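Remarks on the structure that follows.
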Amino acid sequence: MRHSRGKRCAAVLALGLLFGTVAPLPLAAAPAASKAASVAPRIRYDAAHQLFRIDAGQVTYAFGVDADGMLQTVYWGARLATDDPLGAARVSPGHSSFDSPGSTSPQEYAGWGGRITIEPDLKAHFADGNRDLVLHYASHRIDGDALDVELRDIRLDVSVWLRYTVDPVTGIIGRSARIENHTAQAMTVDQASAASWNLPAGDDYSLRYLTGSWAREWRLQTRAIVPGATELGSRRGTTGDQNNPWFAIERGGQWNEEHGEVWFGALAWSGSWHIRVDQDVLHQVRVTGGYNPFDFAYRLAPGQTLQTPVFYAGYTSDGIGEASRLMHRFEMNTVLPQRADTKLRPVLYNSWEATEFKVDEAGQEKLAEAAAKLGVERFVVDDGWFGARNSDHAGLGDWTVNREKFPHGLKPLIDKVQGLGMSFGLWVEPEMINPDSDLYRAHPDWALHFNDRPRSEGRNQLVLNLARKDVADYVYGVLDRLLSENKIQFLKWDYNRNWTEPGWPDVAPEEQQKVYVAFIDNLYDIIRRLRAKHPGVEIESCSGGGARVDLGIMGLTDEVWPSDNTDPSDRLSIQDGFTYAYAPGVMMAWVTGSPNWVNNRKSSLDFRFLSSMQGGLGIGANILEWTPEENATAQRYVAEYKRIRSTVQRGRLYRLLSPRDEARQSATESVSSDGTQAVLFAFQRQGYEAERYPTLRLRGLDPKARYRYRLIHGEAAEGTPVEASGAYWMNQGIDLKIQGDLQAAGVVFERVRA
Ligand code: GLA
């Protein structure tokens with residue numbers, strides 16, 4: 001149903017009937033929900049107050065049209081009663097002549113123009129020199145769990161369609177904008193966000209965000225929100241690991257996993273991005289996210305449009321632990337391409353750390369035989385199988401099998417792997433090119449570059465300009481051929497450098513900066529087409545570790561590689577940081593050699609397995625060198641992992657003790673979605689004096705049900721009952737005997753059938 005400005009309902013409605021389901025309010029309701037008279041629709045419009053309201057999960061979100069015609073947030077927080085009156089959006093009185101009403105109102109999507117001095121959502125300039133854009137509400141339509149609201153400039157025929165979607169289970173709302181130039185002149189978008197999120201005014205907010213660098217990704221940072229701005233982002237052309245496009249804002253400075261209000265969100269975009277958190281003169285907090293405005297210019301000829309990515313956000317009053325669980329659930333059920341049908345991550349073997357570029361048919365076959373004996377389900381050949389790829393100096397771009405290493409092509413190895421009962425996977429890095437490659441010799445103009453300027457290499461490679469249609473077609477073509485000619489079930493899709501000199505000389509100068517959008521749109525399109533044509537193929541997003549993990553790429557891939565750092569102790573922090581934003585069900589973790597290549601740290605096989613079992617388990621060690629005892633240990637852990645992986649990958653995660661800030665002790669608990677199993681992992685990086693390991697009090701169990709535990713590894717304190725109620729395990733807890741350095745325990749709690 002579509003409503004337009006100016007058609008306000010003439011009837012004067014009694015105040016208490018706001019949103020009432022009984023009153024004859026002109027509510028534009030979701031058709032599905034309106035069928036059941038007792039269930040209020042999730043998205044409603046109150047025409048009397050020009051107010052939009054979304055109720056889902058534990059969240060209510062409301063925004064409306066103010067007297068000036070601007071769209072303002074009215075409420076975002078804990079779910080309200082269906083008939084609670086929220087009233088109309090009011091224009092803020094402003095603060096002084098320096099802080100105008102428009103700029104101190106919580107704008108949903110502000111154009112830069114008129115009285116706006118805050119961070120705009122949209123800034124543009126026009127061919128005639130005008131740079132003023134004032135967006136007013138024009139119309140809307142509600143279609144099930146989606147709402148589209150049209151804003152229009154007060155003079156020019158420019159429309160911005162804001163789209164709101166809602167996930168009924170988690171209450172997570174998705175927002176994006178489509179900018180349409182219907183004027184007769186060119187309009188250049190200088191800056192465009194997907195959305196702005198306004199929090200209630202407050203002085204006691206803390207911002208949590210993730211930072212990192214190669215091999216030390218996923219560090220959780222905290223800073224108080226004070227007047228001014230905090231900018232998170234990437235100008236690298238890709239997501240990057242310096243910041244990740246996720247935020248959480250909590251009330252108060254105290255860390256609390258299970259209690260307290262948290263507003264959180266993540267941007268679904270794998271290109272240059274920014275999320276900016278502002279606190280204004282009235283202490284109002286606003287989070288704006290979308291394309292990074294740096295070097296951004298997207299020219300819209302008359303009739304052209306720009307669709308922004310989606311910025312998702314949610315709310316909980318149950319602490320950052322619940323914020324993470326909501327994100328995990330949303331990702332697993334709504335974001336991932338296979339959603340509810342998502343397969344459990346198979347146990348994987350990858351020889352990268354064992355062989356590096358020295359892959360060949362005989363060597364890989366031997367590894368495959370050894371891997372199969374351990375219970376591995378997927379065998380992946382990493383870098384080095386193609387072109388002249390004997391080191392990272394050559395070969396990227398030439399995606400044909402290296403016949404010296406694989407004289408008969410990949411078929412004999414694939415047959416062998418599949419004959420051993422494993423699926424076959426292959427490493428690719430399709431967006432890159434080594435100058436020392438046949439592809440570069442044939443098409444030097446295919447790399448990102450400016451004419452007559454140097455081309456800076458990173459890991460001896462350049463970035464292919466995927467914004468070009470011929471390049472995108474080539475990349476799709478080689479991958480399609482590879483998947484059509486070989487029985488490949490998995491691609492590890494890597495991306496090992498950032499952009500530099502992002503020129504696109506074969507289009508007009510005023511079109512060149514479209515590269516920031518067109519590259520990613522084409523990347524997504526290539527993966528989408530490949531998935532459609534080869535539906536059995538799963539994909540991992542890797543970027544020298546975790547430099548491309550975001551909800552955009554996650555919507556097209558099945559798992560991600562969080563870090564090249566596979567040291568099991570460092571990994572505890574990496575994995576902990578990862579889980580604030582992303583689900584353990586997509587987080588791959590390998591058991592590799594000891595001492596670890598990253599930091600030379602030695603650790604036991606038990607510690608390595610238990611650390612890796614917190615995510616999707618893989619093995620990346622040279623297993624041909626393992627002793628019979630090590631093989632037996634590995635077999636036991638792999639078999640155990642298969643019994644608990646559904647809980648680890650799809651269950652509810654509780655961070656009982658966090659290893660952040662280099663804490664010596666850490667523990668996680670995962671509870672299966674049906675509540676029948678809980679898996680506890682406990683770690684000690686370093687022992688200290690005669691200190692006892694902290695008692696671990698479980699969470700998320702049914703207090704009345706009974707649970708019996710068994711140990712995967714480690715020992716419980718004397719006197720620990722084998723079976724007790726959920727209330728016991730959650731209140732009395734369990735004491736584990738963990739002493740010394742790099743020690744760990746794993747415990748499985750099974751619900752006892754009544
Ligand atoms: C990147 C990946 C590694 C490995 C190498 C291969 O660094 O993160 O896992 O695949 O490339 O060159």
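These numbers were taken from a predicted model, which means no experiment stands behind them. Order of listing sets the numbers, starting from 1, for every ligand and every atom in it. Values below: all heavy atoms of this structure, side chains included; hydrogens, waters and symmetry mates excluded.
- Counting heavy atoms closer than 4.0 Å to ligand 1, residue D494 contributes side-chain atoms (C-beta onward) but none from N, CA, C or O.
- Listed by atom number, the atoms of ligand 1 under 4.0 Å from G545 heavy atoms are 8 (O).
- With a 4.0 Å cut-off on non-hydrogen atoms, E540 does not touch ligand 1 at all.
- In the vicinity of K492, heavy-atom distances shorter than 4.0 Å reach the ligand 1 atoms 3 (C), 4 (C), 9 (O), 10 (O).
- Heavy-atom distances between E353 and ligand 1 stay at or above 4.0 Å for every pair.
- A donor-acceptor pair under 3.5 Å links the side-chain atoms of R664 to the main chain of Q686, judged by distance alone.
- Between F578 and W218, the angle of the ring planes goes over 60°, which puts this pair in the perpendicular group of the 30/60° scheme.
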Begin from the C-alpha positions of K533 and D480 and carry the test salt bridge (Lys or Arg N to Asp or Glu O under 4.0 Å) through to its verdict. CA-CA 8 Å; K533 185 151 177 216; D480 177 39; 2.9 Å; yes
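- At a 4.0 Å cut-off, not a single heavy atom of E356 sits close enough to ligand 1 to count as contact.
- A cation-pi arrangement, defined by a distance under 6.0 Å to the six-membered ring centre and an angle within 45 degrees of its axis, is present between R529 and Y476.
- Of the candidates D383, V428, T566, it is D383 that places a heavy atom closest to atom 6 (C) of ligand 1.
- Close approach of ligand 1 to C542 is summarised as follows: ligand atoms under 4.0 Å from at least one heavy atom of the residue are 2 (C), 8 (O).
- Looking at N496 against ligand 1, only its side chain comes within 4.0 Å, counting heavy atoms.
- In terms of heavy atoms, Y349 sits closest to A371 at CB-CB, 3.9 Å.
- Taking every non-hydrogen atom of D382 and a distance limit under 4.0 Å, the qualifying atoms of ligand 1 come out as 4 (C), 6 (C), 10 (O).
- The two residues R497 and Q461 make their nearest non-hydrogen contact at NH1-O, 2.6 Å.
- Any N or O atom pair closer than 3.5 Å counts here, and R389 shares no such pair with ligand 1.
- Among all protein heavy atoms, the one lying closest to atom 8 (O) of ligand 1 is D564 OD1, 2.5 Å.
- The shortest N/O to N/O separation between W352 and ligand 1 does not fall below 3.5 Å.
- R571 forms a cation-pi arrangement with W561, by the criterion of a distance under 6.0 Å to the ring centre and an angle within 45° of the ring axis.
- Looking only at distances, no side-chain donor or acceptor of S541 sits under 3.5 Å from a matching main-chain atom of V560.
- Ring centers of F490 and F424: at least 6.0 Å apart, outside the cut-off.
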